[in-house]
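All remarks here apply to the structure that follows.
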2 protein chains.
Amino acid sequence: MTRLNPDALRLYLVTDQSLVRGRPLADVVAAAVQGGVSCVQLREKNLGTRDFLAQALMLKKLLAPHRVPLVINDRIDIALACGAEGVHLGQSDLPVTEARRLLPPEVFIGWSVESMDEVLQSVALPLDSLDYLGVSPIFATPTKTDIGNAWGLGGLARVRAATRLPLVAIGGIHAGNARQVLQAGADGLAVVSALCAADDPQAAAAGIRAMCDQELTARRTAND
Amino acid sequence: MTRLNPDALRLYLVTDQSLVRGRPLADVVAAAVQGGVSCVQLREKNLGTRDFLAQALMLKKLLAPHRVPLVINDRIDIALACGAEGVHLGQSDLPVTEARRLLPPEVFIGWSVESMDEVLQSVALPLDSLDYLGVSPIFATPTKTDIGNAWGLGGLARVRAATRLPLVAIGGIHAGNARQVLQAGADGLAVVSALCAADDPQAAAAGIRAMCDQELTARRTAND
């Protein structure tokens with residue numbers, strides 16, 4: 001699949017307006033991109049469609065010069081309207097096959113899996129319908145209390161063994177546990193509060209990105 | 001424009017889950033269609049995408065045998081996924097031109113206008129981008145307290161004079177004022193609580209539909 005270079009998943013920022021501590025989202029994202037964020041997902045559960053689109057267009061403009069893909073959470077209509085590179089779907093969003101039907105073939109799709117049953121569903125999907133899995137949550141987080149059991153590092157390793165799709169780990173990931181998560185099999189780390197709420201989002205991103213590059217280079221060398 | 005026969009707008013049901021008094025939405029809609037509803041708009045502001053789609057598919061199946069068009073409020077993604085005949089946009093939804101670009105040409109679009117300025121905007125849109133206007137609200141309603149001034153019958157008549165688009169009047173319309181609203185220039189009546197909350201939605205729909213047919217036939221005869 002040429003529509004998604006898995007390297008773009010290395011450090012994957014998921015936005016959360018409630019965590020940016022009054023700073024403009026654009027400033028936080030721009031700083032994080034300077035630090036090494038390779039993909040940005042816009043996640044808005046409380047905005048009207050027109051305001052959501054305005055945010056999406058703002059991020060598209062900000063990210064395009066850096067060739068950082070923009071991913072829209074849930075909303076195919078917003079993704080189509082803003083020309084996003086990707087869409088991320090959760091279990092209460094459109095089914096993957098339906099989203100694939102509505103999106104142009106060059107738009108990539110990620111899907112959150114919260115159980116091994118969902119991992120097996122993803123494996124059974126038609127080839128090329130799905131581009132990565134979001135393994136969610138790796139660790140319990142205060143903002144994801146509605147989700148059942150966390151995967152943990154052992155769960156992530158089991159997902160790794162079950163699928164060839166690139167894996168983005170999400171949930172409770174920060175500089176202190178990033179290396180372990182990569183070593184357990186993640187191809188990328190999705191980070192919310194450790195970047196959105198950081199005093200210095202650029203420095204925070206640079207720190208985690210360096211670990212991603214180091215670990216993923218080591219993995220490639222080991223596989224050669 | 002062949003994608004929308006204006007007769008389909010005569011009695012236009014807008015769903016509101018909060019008003020159906022515990023009855024299944026499907027039962028209320030089916031009864032209202034039996035009574036003469038000619039168009040149904042699914043309006044869901046609090047459902048996740050997957051649940052919204054499930055409601056949309058349920059209504060599509062219910063309405064198709066009656067050739068009653070299904071209109072989706074706001075969400076182009078849901079409209080595309082369920083194959084709805086129309087989309088209704090409010091002022092905080094996607095702009096009409098953007099929605100037109102994303103929708104197949106056979107899907108009709110309605111747009112809510114809340115001021116004469118918006119009516120003039122609609123007149124300036126490219127031909128064939130828009131299929132009807134929702135004139136909102138005609139009367140103040142308890143559920144639309146966030147909206148500025150109501151149009152009233154005089155305002156509706158001014159909109160009628162300003163555009164050739166079919167007009168659907170919405171807001172506070174019931175059997176007691178339906179005839180006046182039609183005489184002021186509406187081509188159709190959008191009804192929420194007078195049908196959703198009615199003890200007998202079929203009888204309520206039949207009563208208003210009879211007035212619509214009578215007034216609109218009289219208008220055609222007068223115009224001949």
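A note on names: the letters A, B, ... follow the listed sequences, proteins ahead of strands, and every chain is numbered from 1. The basis for the numbers below is simple: all heavy atoms, side chains too, and nothing from hydrogens, waters or symmetry mates.
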Ignoring hydrogens and geometry, is there a side-chain-to-backbone donor-acceptor pair from A:R50 to B:D93 under 3.5 Å? yes
Could you tell me which portion of B:L102 (side chain, backbone, both or neither) has an atom closer than 4.5 angstrom to a non-hydrogen atom of chain A? side chain
Choice from B:A79, B:G48, B:S92 maximising heavy atom contacts with chain A below 4.5 Å: B:S92
With a sphere of 6.0 Å drawn around CZ of A:R21, does it hold more than 12 non-hydrogen atoms of other residues, nucleotides or ligands? yes
Tell me, out of B:A99, B:G90, B:P95, who's got the most heavy-atom pairs with chain A below 4.5 Å. B:P95
A side-chain contact here means heavy atoms from C-beta on lying under 4.5 Å apart; do B:I76 and A:L80 qualify? no
A:K45 atom NZ, neighbour heavy-atom count above 12 within 6.0 Å: yes
Might you confirm whether atom CZ of A:R67 has over 12 heavy atoms from other residues, nucleotides or ligands at distances under 6.0 Å? no
Is it the case that the side chains of B:D74 and A:T49 hold a donor-acceptor pair, with the cut-off being a distance below 3.5 Å and no angle test? yes
Under 4.5 Å from a heavy atom of chain B, the part of A:L53 involved: side chain
Evaluate the side-chain proximity of B:R75 to A:D77: yes if any heavy-atom separation is below 4.5 Å, no if none is. yes
